[in-house]
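Structure first, then comments.
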Number of protein chains: 2
Amino acid sequence: MDEAAFLESYDPAAYERPSVAVDLILMSVVDGAPAVLLTRRDQHPFTGAWALPGGFVGIGESLDEAAHRILVEKARMSDAYVEQLYTFGAVDRDPRTRIISVAYFALLPADRFTAALKSAPELALAELTVPWPGETGGPVEACNGDGDPLQLAFDHGEMLSLAVRRLRGKLDYSGIAFALLPERFTLRALQDIYEAILDTKLNKPAFRRRMLDRGWLEATGERETGASFRPAELYRYRQAEGEQ
Amino acid sequence: MDEAAFLESYDPAAYERPSVAVDLILMSVVDGAPAVLLTRRDQHPFTGAWALPGGFVGIGESLDEAAHRILVEKARMSDAYVEQLYTFGAVDRDPRTRIISVAYFALLPADRFTAALKSAPELALAELTVPWPGETGGPVEACNGDGDPLQLAFDHGEMLSLAVRRLRGKLDYSGIAFALLPERFTLRALQDIYEAILDTKLNKPAFRRRMLDRGWLEATGERETGASFRPAELYRYRQAEGEQ
DNA sequence: CCAAAAGTGTTTTAGTTACACCCATGG
DNA sequence: CCATGGGTGTAACTAAAACACTTTTGG
């Protein structure tokens, strides 16, 4: 990035440039299963297939800003946990023209996730079926309410797979799970998130202790209401210092 | 990425596009310390500062191809372990013009690393001093042979920090360490790599057993030569199946 | 036989899992 | 008082760490 960049600053048309886009993987855990928001394509290419919401990166905005703008504009929500995932740069990933796409994933609690569906009618919820062990390979599939797999546009299936892998990988050592829960939550709800993402049953006492020993949880003293059995204590996530 | 992309395919000049570059973090462990290859900038901006080797992504090549091309062209080596790290997209990260940079890191055994220095005279080796616990924060510093920190151009310091964090994070569960060793190596050499990257002393018997129990190592039956004491057995890395 | 580092066996410790049980609530 | 899920204590197990030890080479 020396001479070439220097020259280009004086002659911006010297090289043909790819377009740069951001695609958003909006994830949540809904009814005990990982879910993602998709839009149905009504134009060429991949007409009728399902795609992640995305858009081009403006010349005056950073990648992170673009991701947040798309979160607001296309998905009608703000203030989600957003993290850069990977940049997809195959030459033919878009048949129309050269587009490099920076994939971001955003995590939301289920209530805000389903609420967004109402205000953004072009979005649809797709359930993710994750082959186990999805840690290493096997494509993730997005399914509609009947469990039928949806056809995904571009390389968006790859993006989904990578998002699920990353989510799994970070679940244990980061506070990422709390982005999928409301501000107050029960330990059972937290365990449900873990079980949905990892696709395993976890031992209740072991899970409780592990979580409480980490020191990330703060008891609110309040209890769940509306249950016909013993109400569970509500906890709050206390951000650890060295957490990104 | 619907209407906008569709329109743009017919009118490529409609939007001003950022340039896309790839920067390479060429790392190794030399003399028991993590090291990186840098070039000294002789032009504006950051004249005299040190930068990672990099270059623009051609319109007809993928990001991975660009990374490999730069590895060959700028660093005069091929066939390294290369992995995409992160994409840096701040608007002002390059004062000349808008450049988005996809950072890759490449890992090499020390012998090939130092050999490359001879054939590429514009490259210099910098030792990395990693604040512990570097897992969470604190910038990594690149130092010359005298231990004086080097001034880094652009956001390349951030790139280095992230590369070290990623290396540390993946060390334990992936075969990444073997990219830093020649084809045959002793368990002591492997432990040295771990200790250099993690910046800790490790217990020898525990380390041996952990490594051998993983099943990634294959004894060659050969032994080290030239030592004036008991020669160590040479091992080979046997790629695990689900390994990327 | 000595120094130096390779390599092994055994005990200790810590962290996780499994299981059994008690507790609190609505009906 | 019963069903249901919340919450806790204890034992069993497993994996890592610490330590002491034996082995093998060159000189």
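These numbers come from a predicted model, not from an experiment.
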Can you tell me how far P of D/dG7 sits from CG of A/L212, to the nearest Å?
9 Å

Applying side-chain contact (heavy atoms from CB on, under 4.5 Å) between B/M27 and each of B/L37, B/L160, B/L167, report the one that passes.
B/L167

For nucleotides 17-27 of chain D, just jot down a letter per nucleotide in 5' to 3' order: B, S or -, based on protein non-hydrogen atoms under 4.0 Å.
BBB---BBBS-

Residues forming a side-chain contact (heavy atoms from CB on, under 4.5 Å) with B/A90, sequence neighbours excluded:
B/D92, B/R93

Can you name the side-chain hydrogen bond (donor to acceptor under 3.5 Å, both in side chains) partners of B/D64, sequence neighbours left out?
B/Y104

Can you list everything that forms a side-chain contact (heavy atoms from CB on, under 4.5 Å) with A/A51? Sequence neighbours excluded, please.
A/T39, A/R41, A/A153, A/H156

Within the structure shown, what part of the strands sits under 4.0 Å from A/R208 by heavy-atom distance: base, sugar-phosphate, or nothing?
base

Would you please name every residue forming a side-chain contact (heavy atoms from CB on, under 4.5 Å) with A/D148, sequence neighbours left out?
A/N144, A/D146

Atom CG of B/D213 and atom P of D/dT14: how far apart are they, to the nearest Å?
14 Å

Parallel, tilted or perpendicular, judged at 30° and 60°: which one describes the rings of B/F185 and B/F178?
tilted

What are the 5'-most and 3'-most nucleotides of DNA chain C lying under 4.0 Å from any heavy atom of chain B?
C/dA4 to C/dT10

Please check if any side-chain donor atom of A/Y81 sits under 3.5 Å from a side-chain acceptor atom of A/E83, or the reverse.
yes

How would you label the contact of A/E224 with the nucleic acid (heavy atoms, under 4.0 Å): base, sugar-phosphate, or nothing?
nothing

In whole angstrom, give the distance that lies between atom CG of A/L234 and atom P of D/dG6.
12 Å

Evaluate the side-chain proximity of B/W50 to B/Q151: yes if any heavy-atom separation is below 4.5 Å, no if none is.
no

